[in-house]
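Order of appearance sets the numbers: ligands from 1, and atoms from 1 within every ligand.
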Amino acid sequence: MTKAVLGIIGGSGLYDLPGLEDAEWRSVKSPWGTPSDQLRFGRIGTTPIVFLPRHGRGHRLSPSGIDYRANIDALKRAGVTDLVSVSAVGSLKQELYPGDFVLVDQFIDKTHARASSFFENGCVAHVSMAHPVAPLLVEVIRHAAEAEEIGHHVGGTYVAMEGPQFSSAAESHLHRSWGADVIGMTNMPEAKLAREAEIAYATVAMVTDYDCWHPGHAAVTVDQVIAVLRDNADKAQRLVSRLARDFPADHPPCPIGSDRALDHAILTAPSARDPALLAKLDAVAGRVLGG
Ligand SMILES: CSC[C@H]1O[C@H](OP(=O)(O)O)[C@H](O)[C@@H]1O
Ligand SMILES: Nc1ncnc2[nH]cnc12
C-alpha cells in the first residue's frame, strides 16, 4: 500500500481550488522545462492535494504551448500518485449534452506538435497505453458523482486534437465516424506522460458544446464554452471536493499497472544509457533506475 497524494489539473475555467485547506502556491522546478504555473499544495479533509492550472492563472498558455512534460514531472516531484484532469470538451454524440460529465476511458491522439515522451535517445522505453485510464480512480470519481447526485456517463473516447482552432465540420464528422464521444485539445500527451511517470490518470470531461457537427446547434465558440463552464462550476467544485474528502488514504496496486508501468518498459542497455538523460529522469523513473 502506498500513501495517496491526489493531483488535480484544472482545465479551462478552473484556475484554483476553493475549499483547499492550508493552501499555498509553491514553485516546483523541473529539468524538463517550465510548469504551467506554481503548484497549489493543500488538503481537503485528510487527503493531501496538489493542484495545477493547466493553462496557468489568467489562461496564458495555449494547448500547444503547455509544457506537458514539465507539468507531469513537477507533479511527480510533488509526490502525486493519482491525477485527475478536469477538462472542457465538445460533444460528438447527441446524447452527451452540454453540462454533462463524462468519465472517459479511451483516447485517440491526433496531436503532433508537442513533446510526448520522457524517454528519448539514450534511454528508450515503451509503456502500454492499451488502458490509458486507471479504473480504481474512475471508481472513486464515480462514487463521488453519485454521492453528489451529479449526472455523469461512465466510459467514452476522447479525441485529442492539436488546436488551437476548433475542428472543421468535415473533421467533426470524421471524428464521429470513428465512434469517438468527446473532443478536446489537452489530454494528450498528458495521459501518456502520466503513464510514463507511473501516475494513475483519469479525466472528468465536462461537455460544453456540440462542436460543429450538430444541425440544431451553432458551431462552438469560446463564449459558449465559458458560459457552460460558469453554469457548471458549482458541480465541478462539489465533485472535486467530495472526491478529495472520500479519497482512500492508502493505495492498493493499480489493476492495470499504472503504478508500475516502467517495470518492463526500458530497452536501452544500462551501459548504453545517456547519463544526462538519466539525471533528468530522476523523478519520473527513479523507482526503476535507482539512485
Ligand atoms: C476554451 S475552449 C478550448 C480549450 O478548452 C479545453 O481545455 P482544457 O482541457 O484545459 O479544459 C480544450 O482542450 C481547449 O484547450
Ligand atoms: N468543440 C471543442 N473542440 C475542441 N476542444 C474543445 N473544448 C471545448 N469544446 C471543444
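- Atoms of ligand 1 lying under 4.0 Å from at least one heavy atom of Gly184, given by number and element, are 13 (O).
- For ligand 2, none of its N or O atoms has an N or O atom of Phe166 under 3.5 Å away.
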Check your understanding: So Arg77 and Asp282, side-chain contact (heavy atoms from CB on, under 4.5 Å) or not? Walk me through it.
Key -> CA-CA 9 Å; Arg77 287 176 195 282; Asp282 63 332; 2.6 Å; yes
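- Applying the 4.0 Å criterion to heavy atoms of Ser87 picks out, from ligand 1, the atoms 9 (O), 11 (O).
- Evaluated by nearest non-hydrogen atom to atom 5 (O) of ligand 1, the leading choice among Ser12, Gly11, Gly90, Gly10 is Ser12.
- Ion pairing of Lys110 with Glu171 is absent here, as no side-chain N (NZ or NE/NH1/NH2) approaches a carboxylate O to less than 4.0 Å.
- A distance of 11.5 Å separates OG1 of Thr46 from CZ of Phe247, quoted to the nearest 0.5 Å.
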Check your understanding: What's the verdict on side-chain contact (heavy atoms from CB on, under 4.5 Å) for Phe118 and Ile72, showing C-alpha distance, side-chain angles and the deciding distance?
Key -> CA-CA 10 Å; Phe118 291 108; Ile72 296 295; 4.0 Å; yes
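- With respect to atom 12 (C) of ligand 1, the closest heavy atom belonging to the protein is Met185 N, 3.7 Å.
- The aromatic rings of His55 and His59 sit parallel to each other, their planes meeting at less than 30°, with 60° as the upper class boundary.
- Note on ligand 1: Gly163 sits outside its first shell, no heavy atom being nearer than 4.0 Å.
- Of all protein heavy atoms, the one closest to atom 7 (N) of ligand 2 is Ala88 O, 3.4 Å.
- From the protein, the heavy atom lying nearest to atom 5 (N) of ligand 2 is Gly184 CA, 3.5 Å.
- Atoms of ligand 1 lying under 4.0 Å from any heavy atom of Pro63, numbered from 1 in the order shown and given with element: 15 (O).
- Between Phe107 and Tyr158, the ring planes lie perpendicular to each other; the angle is over 60°, past the 30° to 60° tilted range.
- A salt bridge is absent between Glu196 and Lys192: the closest approach of a Lys/Arg side-chain nitrogen to an acidic carboxylate oxygen does not fall below 4.0 angstrom.
- Of all atoms in ligand 2, listed by their number and element, those nearer than 4.0 Å to a heavy atom of Met185 are 4 (C), 5 (N).
- Asp16 and Arg57 are not joined by a salt bridge, as no carboxylate oxygen comes within less than 4.0 angstrom of a charged side-chain nitrogen.
- The proximity of Arg54 to ligand 1, defined as any non-hydrogen pair under 4.0 Å, is limited to the side chain.
- Side chain to side chain, Ser85 and Arg54 meet the donor-acceptor criterion of an N or O pair below 3.5 Å.
- By the 4.0 Å N-to-carboxylate-O rule, Asp100 lies too far from Lys235 to be salt-bridged with it.
- Between Met185 atom CE and Thr111 atom OG1 the span is 12.0 Å, to the nearest 0.5 Å.
- Ranking protein heavy atoms by distance to atom 10 (C) of ligand 2, first place goes to Gly90 N, 3.4 Å.
- Proximity of Val225 to ligand 1 is established by a heavy-atom distance of less than 4.0 Å.
- With ligand atoms numbered from 1 in the order given, ligand 1 contributes 7 (O), 8 (P), 9 (O), 10 (O), 13 (O), 15 (O) to contacts under 4.0 Å with heavy atoms of Thr186.
- Closest to atom 3 (C) of ligand 1 among all protein heavy atoms lies Phe166 CE2, 4.1 Å.
- Ion pair Arg26/Glu24 flagged as a salt bridge, since at least one NZ, NE, NH1 or NH2 atom sits closer than 4.0 Å to an Asp/Glu carboxylate oxygen.
- With respect to atom 10 (O) of ligand 1, the closest heavy atom belonging to the protein is His55 NE2, 2.6 Å.
- When non-hydrogen atoms are compared, ligand 2 lies under 4.0 Å from the backbone of Ile183 as well as from its side chain.
- Residue contacts with ligand 2 for Asp209 involve side-chain atoms from C-beta outward but no N, CA, C or O (heavy atoms, distance under 4.0 Å).
- Using a 4.0 Å cut-off between heavy atoms, Ala88 contacts ligand 1 through both its backbone and its side chain.
- When each atom of ligand 2 is checked for a heavy atom of Thr208 under 4.0 Å away, the hits are 8 (C), 9 (N).
- Each of the atoms 1 (N), 2 (C), 3 (N) of ligand 2 lies under 4.0 Å from some heavy atom of Asp211.
- Annotation for Trp32 and Leu281: closest pair CZ2-CD2, 3.9 Å, computed over non-hydrogen atoms.
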